[in-house]
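These numbers come from the heavy atoms of this one structure, side chains and all, not from hydrogens, waters or symmetry mates.
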Amino acid sequence: MLHPLFLRPPAAHCPIPLRHTLRAATSTLLGLALLITPPLARAVDANPVITIGTGGATGIYYATGGAICHLINKERERFRKRCAVETTNASVSNILGLKDGRLTLGLVQSDVQYDARKGLGPFRKAGPDGKLRAVLSLYPEPLTLVARQGIEAHGIEDFRKHPFSIGNPGSGTRSAMDTLMAAYRLKSSHFSNVFELKADEHGAALCDGRIDGFVFVAGHPSANLQDVTTTCAARLVPLQGPVIDRLVEEKPYYAKVEIPANTYPGNPGPTPTFGALATLVSSSDVPDDTVYAVVKSIFEHFDEFRKLHPALAHLEPEQMVRQGLTMPLHAGALRYYRERGWVQ
């Protein structure tokens with residue numbers, strides 16, 4: 001079953017060209033982020049700064065973090081809190097930042113959230129983290145496979161003996177790619193050359209011909225993918241078939257999704273794939289009142305929140321407090337959700 005958020009193309013909600021909408025949204029949120037002074041403090045301290053770990057500055061995590069901080073800062077006098085976004089290597093790095101107290105909140109893929117809670121994958125050596133707490137879920141994040149113009153590829157196996165970027169260590173993209181490679185029994189040696197590029201690096205490498213493909217976990221529409229499909233006619237490649245069916249069946253945090261037709265230039269058909277959900281997580285060490293202030297700020301300005309980026313446009317509160325959350329809710333979030341009658 002396709003995730004309901006992908007049943008309607010986001011572009012249908014954009015009265016001006018998507019490229020300009022994405023750039024305007026990103027520019028606005030970058031501006032908001034730059035207005036915030038970001039001194040780091042341990043999240044367990046009695047500090048008025050809420051620091052959100054996001055991802056690269058061109059990604060939707062950073063834009064989403066900026067949107068959340070914008071709403072928190074609107075309520076600065078009320079809650080005596082201010083918010084700062086922090087650029088990071090994304091999901092895995094954000095979990096580590098929560099564990100050592102550098103971050104108050106982190107944006108994390110639901111599959112990485114699951115692994116951290118259970119002590120699996122990149123967290124196997126550290127073991128299960130019983131202090132991690134869910135706050136809310138956001139938009140779907142499909143694993144998106146992208147091919148350079150002229151490359152004949154119908155799936156991940158067609159990139160054997162090609163130069164390929166598997167994502168940078170510490171990112172949710174890399175974690176999902178490791179899972180995909182294991183499912184297909186692929187190894188790094190199957191590619192002619194392996195790159196570990198960050199989200200703001202893989203587009204230029206593809207357009208320059210240094211790589212023939214890359215994977216990227218992101219909500220859609222993404223300015224990152226808008227650029228590469230516009231600049232050098234990159235093509236989205238489907239991820240489907242028996243291997244994907246089995247993978248989704250075995251992993252409770254994954255679902256089949258579809259990137260709608262015409263989301264990106266030169267990609268007129270829908271692209272089937274699979275993915276997780278973006279989630280906001282914290283630690284039980286973070287005071288309840290802090291997390292309560294975060295969720296209250298978001299949901300009391302929810303209409304504005306959904307307008308701050310196209311990826312947020314379809315969100316529904318009742319889904320956000322349930323879907324993709326594989327760890328207990330933070331007590332501060334739970335208090336607010338009970339007040340609203342969304343959970344028991």
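Between the Arg133 side chain and the Gly130 main chain, a donor and an acceptor come within less than 3.5 Å of each other. With hydrogens and angles disregarded, a donor-acceptor distance shorter than 3.5 Å links the side chain of Asp100 to the backbone of Arg102. The backbone N or O of Leu308 sits nowhere less than 3.5 Å from a side-chain atom of His70 that would complete a donor-acceptor pair. Checked by atom type and distance alone, the side chain of Thr51 never pairs as donor or acceptor with a backbone atom of Leu103 at under 3.5 Å. At distances below 3.5 Å, at least one donor-acceptor pair connects side-chain atoms of Asn267 with backbone N or O atoms of Leu236. The backbone N or O of Pro238 sits nowhere less than 3.5 Å from a side-chain atom of His154 that would complete a donor-acceptor pair. Within the 3.5 Å criterion, the main-chain N or O of Asn224 finds no donor-acceptor partner in the side chain of Thr58. Here the side chain of Arg235 pairs a donor or acceptor atom with the backbone of Ile151 at under 3.5 angstrom. Put simply, the side chain of Arg322 gets close to the backbone of Trp342: a donor and an acceptor are under 3.5 Å apart.
Under the side chain to side chain contact (heavy atoms under 4.5 Å, CB included) rule, Leu143 has a single partner from Asp111, Leu239, Val257, which is Leu239.
Shown here for Ser175 and Asp115, the closest heavy-atom pair between the two residues is OG-OD2, 4.2 Å. Smallest separation of non-hydrogen atoms from Phe299 and Pro317: CE2-CB, 3.8 Å. Lys187 and Met181 make their closest contact through C-CE, 3.6 Å (heavy atoms, listed as atom of the first residue, atom of the second, distance). Nearest heavy atoms, Thr326 versus Arg117: O-CG, 4.2 Å. Closest non-hydrogen pair, Gly65 versus Leu107, comes out as N-CD1, 3.9 Å.
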message: Using the rule given for side-chain contact (heavy atoms from CB on, under 4.5 Å), can you reason through His190 versus Phe164, listing the C-alpha separation, both sets of side-chain angles and the distance that settles it, and then say yes or no?
response: CA-CA 10 Å; His190 288 135; Phe164 192 87; over 6 Å; no

task: For the pair Glu75 and Lys296, evaluate salt bridge (Lys or Arg N to Asp or Glu O under 4.0 Å) and give the outcome as yes or no after the intermediate values.
output: CA-CA 10 Å; Glu75 299 285 359; Lys296 193 175 183 69; over 6 Å; no

field: Trace of the side-chain contact (heavy atoms from CB on, under 4.5 Å) decision for Lys131 with Asp285
entry: CA-CA 7 Å; Lys131 290 187 175 183; Asp285 288 334; 3.3 Å; yes

task: Take Lys307 and Asp303, measure what salt bridge (Lys or Arg N to Asp or Glu O under 4.0 Å) needs, and give me the verdict at the end.
output: CA-CA 7 Å; Lys307 294 175 182 177; Asp303 288 342; over 6 Å; no

- prompt: Taking it one step at a time, do Phe79 and Thr290 satisfy side-chain contact (heavy atoms from CB on, under 4.5 Å)?
  reply: CA-CA 8 Å; Phe79 294 117; Thr290 298; over 6 Å; no

message: For a salt bridge (Lys or Arg N to Asp or Glu O under 4.0 Å) check, start with the C-alpha distance between Arg306 and Glu316, then their side-chain angles and the critical distance, and finish with the verdict.
response: CA-CA 9 Å; Arg306 293 199 296 187; Glu316 296 294 340; 3.4 Å; yes

- prompt: How far apart are the C-alpha atoms of Leu138 and Leu315, what are their side-chain angles, what is the distance that settles it, and do they pass the side-chain contact (heavy atoms from CB on, under 4.5 Å) test?
  reply: CA-CA 7 Å; Leu138 293 156; Leu315 297 180; 3.9 Å; yes

query: Yes or no on salt bridge (Lys or Arg N to Asp or Glu O under 4.0 Å) for Asp289 and Arg335, after CA distance, side-chain angles and deciding distance?
result: CA-CA 9 Å; Asp289 287 349; Arg335 172 186 159 198; 3.3 Å; yes

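Rounding to the nearest 0.5 Å gives a distance of 6.5 Å between CD1 of Ile68 and CG of Leu136.
A donor-acceptor contact under 3.5 angstrom links the side chains of Glu141 and Tyr61, judged on distance only. Between the side chains of Gln113 and Thr279, at least one donor N or O sits under 3.5 Å from an acceptor N or O. Thr88 and Asn94 share a donor-acceptor pair across their side chains, judged by distance under 3.5 Å alone.
Counting heavy atoms from C-beta outward, Thr64 and His309 have side chains that stay 4.5 Å or more apart.
Cluster membership check: Leu206 does not share its hydrophobic cluster with Val237, using side-chain heavy-atom separations under 4.5 Å among Ile, Leu, Val, Met, Phe, Trp and Tyr. The cluster map of Ile, Leu, Val, Met, Phe, Trp and Tyr, joined by side-chain heavy atoms under 4.5 Å apart, puts Tyr336 and Val343 in the same cluster. Hydrophobic cluster membership differs between Tyr114 and Met320, with clusters built from Ile, Leu, Val, Met, Phe, Trp and Tyr side chains linked at under 4.5 angstrom. If you chain together hydrophobic residues whose side chains sit under 4.5 Å apart, Met327 and Leu120 never meet in one group. Phe302 and Ile52 fall within a single hydrophobic cluster, where Ile, Leu, Val, Met, Phe, Trp and Tyr are joined by side-chain heavy atoms under 4.5 Å apart, directly or via other members.
Taking the six-membered ring where tryptophan is involved, the planes of Phe216 and Phe214 are perpendicular, since the angle between them exceeds 60° and thus also 30°.
Less than 6.0 angstrom separates the ring centroid of Tyr264 from the ring centroid of His220.
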